[in-house]
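Below: the structure, in structure tokens.
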2 protein chains.
Amino acid sequence: MKNIILCTLVLILVSACNTPPQKKDVKESVANTTVTDPLPSWNEGAKKQAIIDFVTKTTKEGNADFVPVTDRIACFDNDGTLWTEMPLPFQLFFVIDQIKAMAPKHPEWKNAQPYKGILEGDLKAALAGGEKALGEMLMTTHAGMTTDEFDKSVKEWMATATHPKTGRHYNEMVYQPMLELLDYLRANQYKTFIVSGGGIDFIRVWAEQAYGIPPYQVVGSSVKVKYDTTGTQPVFIKLAELNFFDDKLGKPVGIHEHIGKRPVFTAGNTDGDYGMLQYTSTGNGPRFGMIVHHTDSLREYAYDRKSRLAKLDKGLDDAGKYHWVIVDMKNDWKKVYPFDN
Amino acid sequence: MKNIILCTLVLILVSACNTPPQKKDVKESVANTTVTDPLPSWNEGAKKQAIIDFVTKTTKEGNADFVPVTDRIACFDNDGTLWTEMPLPFQLFFVIDQIKAMAPKHPEWKNAQPYKGILEGDLKAALAGGEKALGEMLMTTHAGMTTDEFDKSVKEWMATATHPKTGRHYNEMVYQPMLELLDYLRANQYKTFIVSGGGIDFIRVWAEQAYGIPPYQVVGSSVKVKYDTTGTQPVFIKLAELNFFDDKLGKPVGIHEHIGKRPVFTAGNTDGDYGMLQYTSTGNGPRFGMIVHHTDSLREYAYDRKSRLAKLDKGLDDAGKYHWVIVDMKNDWKKVYPFDN
């Protein structure tokens with residue numbers, strides 16, 4: 001079966017390579033009609049058209065579905081919706097790399113899980129302790145320092161660490177079609193927010209450069225911080241205590257707390273996003289819910305109902321009920337990453 | 001002493017009445033120079049000039065103190081900084097009015113403090129129970145309902161309740177000079193945020209209309225909410241459990257959590273704002289800290305070091321150290337409210 005899929009994919013890719021370059025087509029159409037395609041990396045079809053129709057009708061004054069500028073709120077999950085989340089969510093690679101970097105000062109880690117597993121490259125052993133082990137590693141690497149020190153460590157990691165499959169820096173592995181969608185929404189006076197289960201402090205460091213989304217439009221999980229004035233300069237100290245877990249039913253709560261308005265447009269990719277998609281789509285008036293379906297094992301990764309890390313199951317079941325648009329990565333996206341040909 | 005102050009005030013007011021109307025002057029200057037005064041309700045002088053100089057130098061490319069657009073964060077306390085907070089913070093009037101409205105369904109309140117005091121108009125008796133009594137009244141009126149129900153009650157109250165001294169609706173008692181300052185900062189691509197000890201859900205209902213500040217730029221105190229999907233529509237239920245107290249050292253923490261950037265410009269009026277003013281002014285590069293000093297017992301209220309409700313003491317002591325600009329309401333503001341002549 002796998003061979004058939006692979007062959008099919010190869011055929012698709014070969015046929016794609018034989019297609020005249022799209023860039024030229026777009027330019028020509030621009031010259032003729034002076035209308036620029038806002039979503040050049042999206043294949044023509046129902047999904048792309050649904051996005052354009054929605055943005056058009058909600059921003060055209062006089063239209064029954066017109067949405068005032070102040071209500072144009074668009075929310076995006078991050079892992080698997082704006083950037084890749086396989087073979088592990090990237091923040092976990094950060095955790096692993098930080099533990100390795102901190103290890104010389106912690107000789108006791110050589111004999112204690114979950115650290116032992118990390119240092120020996122045995123992730124399975126490290127994660128055998130389940131949520132408790134993961135929580136301990138998160139707190140070790142995300143608490144006990146100032147926010148400035150943490151920001152610096154994320155910045156340095158992002159500039160140096162590379163993805164095991166592509167060899168690219170993690171912040172290069174953002175989805176080109178989604179960058180275009182963010183730009184398109186903003187050009188139509190939508191405010192774009194990240195609503196992620198990942199760490200808010202982690203994402204804020206690089207999201208403005210990667211997505212054009214400023215820190216105050218990032219909602220995420222957090223530890224408590226303390227404003228400390230005992231030193232020469234006031235600092236925030238990250239405490240080893242969970243403040244907010246922005247996943248599943250936490251996502252609509254995070255939206256309420258940070259944004260205070262129901263989104264008009266929401267995109268996610270797993271059942272962790274079900275709550276915020278449901279909250280969006282049960283509002284009155286026009287709403288757009290989008291699920292990025294990972295169907296492209298060649299250009300990215302393919303996973304859904306059976307994934308342990310990023311399950312999409314209930315979201316697929318209820319997509320019809322809530323009119324969610326399922327974006328098929330393989331068929332709907334011309335390219336995945338900005339660096340793709 | 002009081003008589004002398006009163007006589008001085010009367011003299012100032014009379015002399016102000018004899019001054020030719022400023023509006024005409026401004027218009028003439030506009031006709032001659034095509035430069036509109038961005039702060040027409042501020043008297044000419046050091047304070048107004050300090051604001052204009054700061055905004056000019058931080059927004060002029062090439063200036064050593066230029067601040068990139070993405071870093072232009074301005075934070076404002078609400079009670080006593082953007083609107084009046086006397087004789088009680090307005091949210092407390094809401095609490096009192098809500099308890100009165102809810103009383104028919106709670107006959108037991110007739111004999112139990114703090115409700116008894118409220119119903120009998122004896123605020124002192126109601127508040128004799130201190131923080132516990134206040135906390136109980138806050139939870140009674142701010143929890144146990146959906147966020148939609150709460151929003152509706154605030155909207156209705158704002159449209160009907162009036163201030164005991166001016167007879168005006170509470171959202172009319174915003175400071176005209178501060179509205180101009182908000183507009184001026186926004187015209188120079190500053191993002192304006194409210195950072196209030198008051199309830200975030202309470203403020204969000206009317207702040208967009210009153211100040212042009214959208215819900216996602218409001219930081220405030222909150223109760224926990226639960227995303228509830230048991231009914232026909234998902235709702236948020238406000239729980240009787242404190243989520244975040246955005247006052248004193250909570251203010252810089254609230255700024256970190258919601259905004260994620262250090263403000264460049266911050267305005268407050270009591271020691272409750274000391275933390276966020278200090279956090280602002282200890283940052284590198286140009287920073288502006290402003291304290292609205294309530295010196296005008298005639299047009300508004302006069303209070304500072306000895307106020308029980310809104311003490312400004314440490315802020316006055318340390319203003320020099322941090323270069324905070326003390327705005328003298330009586331002398332620096334031409335008018336207080338938009339409805340003033």
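In this text, all values refer to a predicted model and were calculated from it rather than measured experimentally. Note on naming: letters A, B, ... go to the chains in the order of the sequence lines (proteins, then strands), and numbering restarts at 1 for each one.
Looking at B/Ile200, only its side chain comes within 4.5 Å of chain A, counting heavy atoms on both sides. Neither the backbone nor the side chain of B/Ser222 comes within contact range of chain A; no heavy atoms are under 4.5 Å apart.
When all heavy atoms of B/Glu257 and A/Arg204 are compared, the pair lying nearest together is O-NH2, 2.8 Å. The two residues B/Gly260 and A/Pro215 come nearest to each other via the heavy atoms O-CB, 3.9 Å. Residue A/Arg262 comes nearest to B/Pro234 through the heavy atom pair NH2-O, 4.4 Å, listed as atom of the first residue, atom of the second, then distance.
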Stepwise side-chain contact (heavy atoms from CB on, under 4.5 Å) check, A/Tyr279 with B/Gln233: CA-CA 9 Å; A/Tyr279 173 49; B/Gln233 284 275 28; over 6 Å; no
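Against chain A, the residues from residues 236-253 of chain B that qualify, each with a non-hydrogen atom under 4.5 angstrom away, are B/Phe236, B/Asn243, B/Leu249, B/Pro252, B/Val253 in number order. Contact residues of residues 179-199 of chain B toward chain A are B/Lys191, B/Phe193 (heavy-atom distance under 4.5 Å).
Using a cut-off of 4.0 Å between Lys/Arg side-chain N and Asp/Glu carboxylate O, B/Glu208 and A/Lys261 are scored as salt-bridged.
Looking only at side-chain heavy atoms (C-beta outward), B/Tyr227 and A/Met276 stay at 4.5 Å or farther from each other.
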